Amino acid sequence: MKKGRRGLRRKLIGTVCILITLMCILLIGISYRVFRDTYISFCYDKALGIVEMLAGQIDGGSVSGYVETGETDEQYDALLRQFNNIKAHTTDLSYLYLMVPYGDHFVYVIDAYTEEDDMDNISKLGDVFWYGETEYRELLPDVEAKRASTHIVYGADAGFGRTISVWAPVFDKDGNVAAMVEADYVLTEVEKRINSYVLRIVLFFAAAIIAITAVLIRVIDRGVVSPILNLTKYIDSYERGKTAKPPVRLREDNEIKQLSESFTEMVEKTDKYILYIKKITAEQERISAELNVATQIQADMLPRIFPAFPERKEFDIYASMKPAKEVGGDFYDFFLVDEGHLAMVMADVSGKGVPAALFMVIAKTLLKNRAQAGGTPAEILADVNRQLCEGNEAELFVTVWLAVLEISTGEGTAANAGHEHPVLRRAGGEYELVKYRHSPAVAAMDGISFREHAFRLNPGDSLFVYTDGVPEANNKENELFGTERMLEALNRMPDAGVRKVLENVTAGIDAFTAGAEQFDDMTLLCLKYVGCGKE
């Protein structure tokens, strides 16, 4: 029996150690591959963002002038400082330069450097680089297609080591490629960081293996081996005839019998639980199907065919709504009160889910019906407030921004019932918040009056309104997106069309939240006023 006991311990502990070791080796390999791919993709995405940002700021016409004359100016010096600053503050970025591509070579315009760089290796304005295989295969097709990098480019060793290259085109006023901004990572430097990470993983897993093995030896010996050996000893004693039959006391305390009884009991409970789960699942599927229908109904209530008024050239409008749950309490609306006036609504019902969605349907219907009957925004909100306060036992309310615009002149009147501040961009300028005193939310109190104010849109002006789900979007560190980041997203491409404006804001939110759960509905609307007689 002693030999068997030692063999059982040895086999169990040995098997566990081997399995843990194999699992750790597998995890290390997977971690290396995942981290390598992820980090290289991260470097590519970061570099692509940098070169696209720089390319969008550079005047393509002035670049050709630098190459032709070989002379610089204050604009060139400022651009060089910007390139140097970005390189100095971008981890692992080896090269950042601006060049003019030709058929078999390119000419350097700017080659960024830092204090740590060897200036003998820094190219000057007018230096020529003859293409290699990578440039012919990857760079020239992108230059001809007038596009930025579409994938990770692994460059050949041109004397500085293999690289990861990213580029973006700089356009002149005619839309032709005047230059390319390129950023390179030396692959060996990137792999040093990857290998450093893998080394830390190996050391961590080695320590974990030792600790887990020691704990498992203790746990297996006390919790598994010893009870089994004690049971084996009793069985061995019974087989040798020391007892005619197992005593009642031993039979009642038998772990195998208890395990069998526990298993039988577990099976009975599991069968009942499965039946219960089937019932609950069927009910959840029914509710889910109804919520899907409700989601579709709610979406169908909002204007979502764009362009909304293709025959009207005086303005362009676009809106979107992304609920936090299957159905939401946010809503937007826009419609022609008559041939000369456009009404716009942005609203947010308190609460979430089905109650807020039902209240949203009522509020939207009342607002549109009352607005189409005529009157100022203040009068419209006052009448809707009175109707919503009747029988509002759930004490829900709705923040509303409502405006009526005279299309021919750009003159408008707006009322803000506890809603977010609108954002206005004057032609050629940047988006800025328009702050003024608000009225209370609609349905918060019966019998209240609402303030309104006049505004004017000139040709080329844009108006952006939204719900609080935009500035209050938070990332995994519970930081708010905020109005400052919202304005940065709006001003990234201030001259963009209305749809692109909303896409830029949404992209900014997605990048900031980085997969964090969405807690509130997000609704956005943008209007660009063209004016009469303009396309």
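Computed from a predicted model, the values in this text were never measured in an experiment.
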Worked check of side-chain contact (heavy atoms from CB on, under 4.5 Å) between Trp167 and Val181: CA-CA 5 Å; Trp167 46 70; Val181 180; over 6 Å; no
Evaluation steps, salt bridge (Lys or Arg N to Asp or Glu O under 4.0 Å), between Arg425 and Asp461: CA-CA 6 Å; Arg425 175 184 178 267; Asp461 292 352; over 6 Å; no
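For Tyr108 and Phe106, the ring centers sit closer than 6.0 Å to each other. Note: Tyr529 and Phe315 fail the aromatic proximity criterion, with ring centroids not under 6.0 Å apart.
Of the candidates Asp348, Val465, Asp468, Asp468 is the only one forming a side-chain contact (heavy atoms from CB on, under 4.5 Å) with Glu420.
Ring geometry for Phe464 versus Tyr466: interplanar angle under 30°, hence parallel rather than tilted (30 to 60°). Aromatic ring pairs are classed by plane angle as parallel below 30°, tilted from 30° to 60° and perpendicular above 60°; the pair Phe309 and Phe334 is perpendicular.
Proximity of Leu402 to Met344: side-chain heavy atoms (C-beta onward) are nowhere separated by under 4.5 Å. Between Val177 and Phe171, the closest side-chain pair of non-hydrogen atoms falls below 4.5 Å. At a threshold of 4.5 Å between non-hydrogen side-chain atoms, the residues Val470 and Val505 count as touching. Counting only heavy atoms from C-beta outward, the side chains of Ser64 and Asp172 never approach each other to under 4.5 Å. Val400 has its side chain out of reach of Met346: every pair of non-hydrogen atoms, C-beta onward, lies at least 4.5 Å apart. The closest side-chain heavy-atom distance from Leu48 to Lys46 is not below 4.5 Å. The shortest distance between side-chain heavy atoms of Ile164 and Val186 does not fall below 4.5 Å.
Within the 3.5 Å criterion, the main-chain N or O of Asp184 finds no donor-acceptor partner in the side chain of Tyr97. Under a 3.5 Å cut-off, the side chain of Thr409 and the backbone N or O of Glu411 do form a donor-acceptor pair. A donor-acceptor pair is defined here as one N or O able to donate and one able to accept, closer than 3.5 Å; such a pair exists between the side chain of Asn392 and the backbone of Leu396.
The two residues Arg147 and Met180 come nearest to each other via the heavy atoms O-CE, 4.1 Å.
Electrostatic pairing of Asp520 and Lys322 does not count as a salt bridge here, judged by no charged N lying under 4.0 Å from a carboxylate O. With respect to Arg499 and Glu503, a salt bridge is recorded, a charged nitrogen being found less than 4.0 Å from a carboxylate O. In summary, Lys528 and Asp316 do not engage in a salt bridge, as defined by a charged side-chain N under 4.0 Å from a carboxylate O.
In Phe397, the CZ atom is not crowded: 12 or fewer heavy atoms of neighbouring residues, nucleotides or ligands sit closer than 6.0 Å. By the 6.0 Å contact criterion, CZ on Arg312 is enclosed, its count of non-hydrogen atoms from other residues, nucleotides or ligands being greater than 12. The environment of Glu311 atom CD is dense: over 12 non-hydrogen atoms of other residues, nucleotides or ligands sit within 6.0 angstrom.
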